[in-house]
Structures are given as structure tokens and as C-alpha cells.
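Here the structure is laid out as C-alpha cells; the discussion comes afterwards.
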Number of protein chains: 4
Amino acid sequence: MFQLDVRSRKPIYEQLVDKIKELIISGILTPDEQLPSVRVLSGQLTVNPNTIQRAYRELEAQGYLYSIKGKGNFVSAIEHMPSNDKLQELKKEIQTLIAEAIYLGLTKEDLHLLFERANQKTKGEH
Amino acid sequence: MFQLDVRSRKPIYEQLVDKIKELIISGILTPDEQLPSVRVLSGQLTVNPNTIQRAYRELEAQGYLYSIKGKGNFVSAIEHMPSNDKLQELKKEIQTLIAEAIYLGLTKEDLHLLFERANQKTKGEH
Amino acid sequence: MFQLDVRSRKPIYEQLVDKIKELIISGILTPDEQLPSVRVLSGQLTVNPNTIQRAYRELEAQGYLYSIKGKGNFVSAIEHMPSNDKLQELKKEIQTLIAEAIYLGLTKEDLHLLFERANQKTKGEH
Amino acid sequence: MFQLDVRSRKPIYEQLVDKIKELIISGILTPDEQLPSVRVLSGQLTVNPNTIQRAYRELEAQGYLYSIKGKGNFVSAIEHMPSNDKLQELKKEIQTLIAEAIYLGLTKEDLHLLFERANQKTKGEH
DNA sequence: GTGGTCTAGACCACT
DNA sequence: GTGGTCTAGACCACC
């Protein structure tokens with residue numbers, strides 16, 4: 001499914017969260033699609049089940065997943081996402097990072113390229 | 001000087017690092033300008049001196065500050081920064097965040113606005 | 001594991017950094033090998049855990065180690081090191097020291113011997 | 001006479017020590033030659049006289065200078081230098097640094113070049 | 001169990 | 001007075 005970097009300073013559960021988010025955002029995982037069970041994914045990635053659980057819980061809290069007891073974890077429909085607050089946060093964060101990158105020498109061309117690539121990474125238009 | 005959220009998940013020293021970085025990037029703190037001493041800032045923010053120093057040390061490691069033992073901490077000139085590897089990382093991170101934001105409903109207009117504001121946030125002499 | 005001189009002018013954490021570096025360079029500690037935990041080493045050396053951690057953090061910043069939160073500290077693979085800037089600094093430093101040593105009577109034969117011994121001290125696969 | 005880098009993490013008095021050593025080693029300052037007085041040098045470098053004093057004291061302790069009360073500071077003759085202990089220390093230090101440099105990718109050619117340059121930097125043959 | 005953060009307070013080195 | 005180091009001891013996050 002994907003790779004984890006045990007060396008990274010970023011906790012494994014957080015890496016998992018990010019990767020799954022990417023799959024959802026890119027449209028590879030579609031709304032109401034079922035995710036692999038904690039046990040299966042735990043086996044595939046040779047990661048402690050608790051860690052997988054933790055990641056799923058986090059994604060649920062952020063609105064990307066919903067879980068049904070006894071059945072599994074599923075991708076949320078876009079309508080069910082918290083979006084607004086989160087979006088504000090994201091915008092602020094992006095702004096800060098861009099400012100830092102420009103300070104370190106990022107050119108306008110680089111920035112344009114960045115925007116285009118980010119655009120391609122998303123499934124659709126809103 | 002600025003506010004800290006002691007209850008945040010983000011460590012205090014990291015909040016400090018981010019705030020000071022912003023001040024440098026925005027040009028409010030200029031190269032070779034002296035920062036408040038560890039003890040003074042510690043008093044103003046009611047934070048342990050060690051925590052302040054931890055932040056200053058981190059900023060030094062990242063190239064934003066330099067410190068002179070009996071004299072104080074000072075803002076680095078842009079020329080003295082490492083930049084390149086860091087810039088690559090930043091670009092990747094920005095890309096991911098923008099993709100997520102678009103998924104959550106960010107429009108192209110929003111994006112343009114974001115770009116402009118980020119630009120204003122930097123002193124921007126290159 | 002090794003000895004520290006608490007009376008030395010050189011900070012304990014720096015002595016630790018140097019010792020561990022040597023172990024890595026000489027190949028006694030191999031990539032991905034786990035280092036003694038902060039608390040264990042702290043106990044063995046009768047040094048405060050914070051001081052050990054300071055050393056580990058420094059080694060991480062220099063690229064010699066990576067740390068995983070609930071697991072431990074591990075030796076980095078050579079590929080993951082920054083090297084270039086650092087190497088330039090090192091060369092300059094070595095040059096100065098050799099010049100001083102020659103002034104104090106170091107012969108060309110001594111120098112050759114030095115070179116060979118240094119070579120033996122490295123694992124030396126490039 | 002020479003330049004100091006206030007930004008450096010190395011204390012100013014230590015930079016002074018190194019610079020003066022270099023001048024002696026390279027033969028620019030010759031045995032029994034008088035050094036500028038503390039006051040004069042302090043004025044030229046816009047550095048606190050105490051700092052200059054500290055550097056001279058250090059150089060005296062290391063055997064590079066001798067001072068005569070009321071007259072000034074003078075370069076020691078080579079014969080009067082402690083050499084042996086110091087040389088052993090230096091050798092060990094050089095060895096360690098070379099080992100590290102090789103670990104980081106220094107080639108044998110680089111090393112040879114280094115040796116030659118260091119050789120040129122010294123005044124004479126012993 | 002592991003590393004990471006923070007505080008309180010002491011002492012040293014540099015200018 | 002400045003930064004730098006170290007200790008003692010507490011609490012949190014991750015696995």
C-alpha cells in the first residue's frame with residue numbers, strides 16, 4: 001500500500017495519517033470505500049496494531065474517515081468534512097511556509113510550478 | 001513581544017522558534033540586530049531560561065541566529081544561511097498542504113491571494 | 001563503554017559526542033545499530049540523563065544518529081549524512097593543525113605514519 | 001594586522017590566539033620580535049583590552065610568547081617551546097580529524113593536497 | 001520501556 | 001551582565 005520511514009522524526013502514526021490523507025485527496029481512495037482492517041494493515045506494514053488504530057482514530061477525528069463497529073473503517077464523503085476551520089488553519093500555515101521559502105530564495109517561477117503540481121495532485125474541482 | 005500557548009501540543013521552544021523566524025523573515029528583526037537576552041525574555045514570557053535558550057540554540061542551528069558568549073544573540077545575515085536542502089523540504093511540504101487545502105475547497109482565487117500575502121510577509125530582497 | 005573527564009574544560013556532552021563519533025567512524029557501531037538508552041547510559045556513566053540526551057541530540061543534528069520516540073537512538077547510514085560543508089571545514093582545520101605540528105617539530109615521516117593510522121581508524125568503504 | 005569574526009562561535013580571545021600562532025608559525029613574526037602592546041592592539045581591533053590580555057596570557061602559557069614587565073610581549077624562540085607534550089596532543093587530534101574526514105568522503109588525493117599546503121604554510125624544516 | 005519537554009536553581013566562561 | 005553547561009526531578013508522547 002505504501003512505505004513508512006522508521007528513521008523519520010515524525011511519529012509513525014502521523015506518517016500513516018498523512019499517507020492515507022494523500023490517497024483520499026488524490027482520489028485513489030473514494031468515499032465510502034473500506035480501508036484495510038487494523039490487523040491486515042498491521043501485518044502488511046509490520047507495525048504495531050495500536051499504532052494503526054491510533055492513525056485511524058486521528059483520521060476519524062479530522063473527518064476523513066468514519067468507522068462502523070464490527071464492520072471497519074470507511075472514507076468520508078467530502079460533504080461530511082469539517083473543512084472551514086481546518087481550511088483557515090491550513091491557509092495560515094501555507095502562507096507562513098511560503099514566506100519562509102521566499103526568504104530562503106524561492107523564486108516566483110518555483111512558486112508557480114509548485115501551485116501547478118499541487119493542483120494536479122488533487123482529484124477534482126470545487 | 002508575543003504570545004505563547006503553554007497548553008498547546010507544540011512545545012514552547014518550538015513556538016518561540018516559529019515566532020522569531022517570522023519576525024526575521026518579515027524584516028522586523030534585521031541582520032545583526034540583538035535579540036532580548038535569555039534572562040530578560042525568560043522574565044517577560046514567564047518561561048524558564050533554559051527553554052528560551054533551547055529556542056535560541058535551535059535557531060542558531062538552523063542558521064537564523066548567531067550567539068556570542070558574553071554579548072548576546074544576534075540575527076544572521078541572509079548570506080550566512082544554508083538554505084538549499086531546507087528549501088527542497090519546504091517546497092515538498094507546501095505542495096502537500098496546498099493539495100489538502102484544494103481538496104477541502106480552496107479555490108484558485110484563494111490561492112492567488114495566499115501567494116500575494118506571503119509575498120508581502122517577506123522583506124523580499126534577492 | 002568509555003571514560004569521561006568531568007574536570008575537563010570540554011563539556012561532558014561534547015566529550016560524549018566525540019567518543020560516539022569515533023565509535024561510528026571506526027565501524028564499532030554499525031548503521032542502524034541501537035545505542036544504549038538515555039537512562040541506561042546515564043546510569044553507567046553517572047551523568048544526568050539530560051546531558052546524555054543533549055549529546056544524542058547534537059549527534060542527530062550532525063547526522064550521525066537518528067532517534068525514534070518510543071524506540072531508541074540508532075546509528076545513521078553514511079548515505080544520510082550532509083558531509084559537504086562539514087568536510088570543507090574539517091579540511092581547513094586539519095591544515096592549520098598540521099602546520100602547527102610541523103612548526104613544533106613534526107617530521108614528514110611522522111606525518112606519513114599519522115596518515116596511515118587515521119586510515120586504519122576508519123571503516124573506509126567509499 | 002588581521003581580522004576577527006565576531007559572529008564565530010569561537011571566543012574572540014581564542015581567535016586571537018590562533019591568528020597570532022599562525023603568524024609565528026608562518027615566520028611572519030620572528031623570535032624575539034615585539035608584539036603590539038595590549039592597548040594598541042585593543043584600539044586597532046576595537047576589542048576590549050582584557051580580551052587581548054587574555055590572549056597574550058594564553059600564548060605565554062602555551063610557550064609561544066614571553067612577556068617582560070614594563071617592556072611588552074615577545075615571540076619565543078623555538079627552543080623555548082614545550083613542544084613534546086603538545087605535539088603528542090596535536091598528533092592525536094589531527095589523526096581523529098583525518099579519520100572523520102575520510103569517513104565523510106575525503107579521498108587520498110585530497111589528503112595529499114592537504115599535506116602539501118600545510119607544509120607550505122610553515123616557515124622551515126626541522 | 002523509550003525519547004522529548006520543561007522547571008528550578010547552581011555554577012562557569014566570556015566581555 | 002551575557003550565554004553555556006549541568007543536575008535533579010517531574011510529566012508527557014510514543015510504541
Side-chain angles (χ1 to χ4, degrees), chain A residues 4 6 8-16 42 46-55 58, chain B residues 4 6-16 34-42 45-58 60 65-74, chain C residues 4 6-17 34-42 45-58 60 65-74, chain D residues 4 6 8-16 42 45-55 58:
Chain A
L4 297 174
V6 287
S8 167
R9 15 174 60 265
K10 196 183 281 184
I12 291 178
Y13 88 91
E14 226 174 284
Q15 290 184 50
L16 259 165
S42 158
T46 58
V47 160
N48 191 304
N50 289 328
T51 307
I52 309 284
Q53 190 69 281
R54 172 82 199 266
E58 178 75 20
Chain B
L4 296 174
V6 284
R7 291 176 310 172
S8 164
R9 292 174 45 96
K10 192 188 281 186
I12 295 177
Y13 86 91
E14 227 172 280
Q15 293 180 48
L16 259 166
Q34 183 165 6
L35 288 150
S37 87
V38 171
R39 301 199 229 279
V40 166
L41 196 51
S42 156
L45 303 177
T46 55
V47 161
N48 188 290
N50 284 329
T51 306
I52 307 288
Q53 208 172 10
R54 170 86 201 268
Y56 280 179
R57 220 185 305 141
E58 179 72 23
E60 193 184 2
L65 298 187
Y66 62 94
S67 93
I68 305 178
K69 251 198 184 167
K71 304 203 76 176
N73 287 277
F74 304 85
Chain C
L4 297 174
V6 285
R7 290 176 312 174
S8 165
R9 292 174 45 97
K10 192 189 280 187
I12 295 178
Y13 87 91
E14 228 173 280
Q15 292 181 48
L16 259 166
V17 165
Q34 182 166 7
L35 288 150
S37 86
V38 171
R39 301 199 229 279
V40 165
L41 196 50
S42 156
L45 303 176
T46 57
V47 160
N48 187 289
N50 284 329
T51 307
I52 307 287
Q53 208 172 11
R54 171 85 201 268
Y56 279 180
R57 219 185 307 142
E58 179 72 23
E60 193 185 0
L65 297 188
Y66 62 95
S67 92
I68 306 179
K69 250 197 181 169
K71 303 203 77 174
N73 287 277
F74 304 85
Chain D
L4 298 173
V6 287
S8 167
R9 18 175 56 266
K10 196 183 281 184
I12 290 178
Y13 89 91
E14 226 173 282
Q15 290 183 49
L16 259 166
S42 156
L45 302 176
T46 57
V47 160
N48 191 305
N50 289 328
T51 306
I52 309 285
Q53 190 69 281
R54 171 83 199 266
E58 179 74 21

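We name chains A, B, ... by the order of the sequence lines, and we start the count at 1 in each one.
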Looking only at heavy atoms, what is the nearest atom pair of [X] and [Y], with distance?
| X | Y | result |
| --- | --- | --- |
| E58(D) | Y13(D) | OE1-CE1, 4.4 Å |
| S42(C) | V47(C) | OG-O, 2.7 Å |
| I68(C) | V6(A) | CD1-O, 2.9 Å |
| S8(C) | Q15(C) | CB-NE2, 3.5 Å |
| P36(B) | Y56(B) | O-OH, 2.8 Å |

Axis-to-axis angle across the helix from dG1(E)-dC14(F) to dC14(E)-dG1(F), five pairs an end, to 10 degrees?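 Rounded to the nearest 10 degrees, the bend comes out at 20°.
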One character per nucleotide, please: for nucleotides 2-9 of chain F, 5' to 3', B when the base has a protein heavy atom closer than 4.0 Å, S when only the sugar-phosphate does, - otherwise. BBBBBBBB
Any side-chain heavy atom of L16(C) sitting closer than 4.5 Å to one from L41(C)?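 Yes, close enough: below the 4.5 Å cut-off.
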Results of side-chain hydrogen bond (donor to acceptor under 3.5 Å, both in side chains) for K69(C) - residues two or more places apart only: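 K69(C) satisfies side-chain hydrogen bond (donor to acceptor under 3.5 Å, both in side chains) with no other residue.
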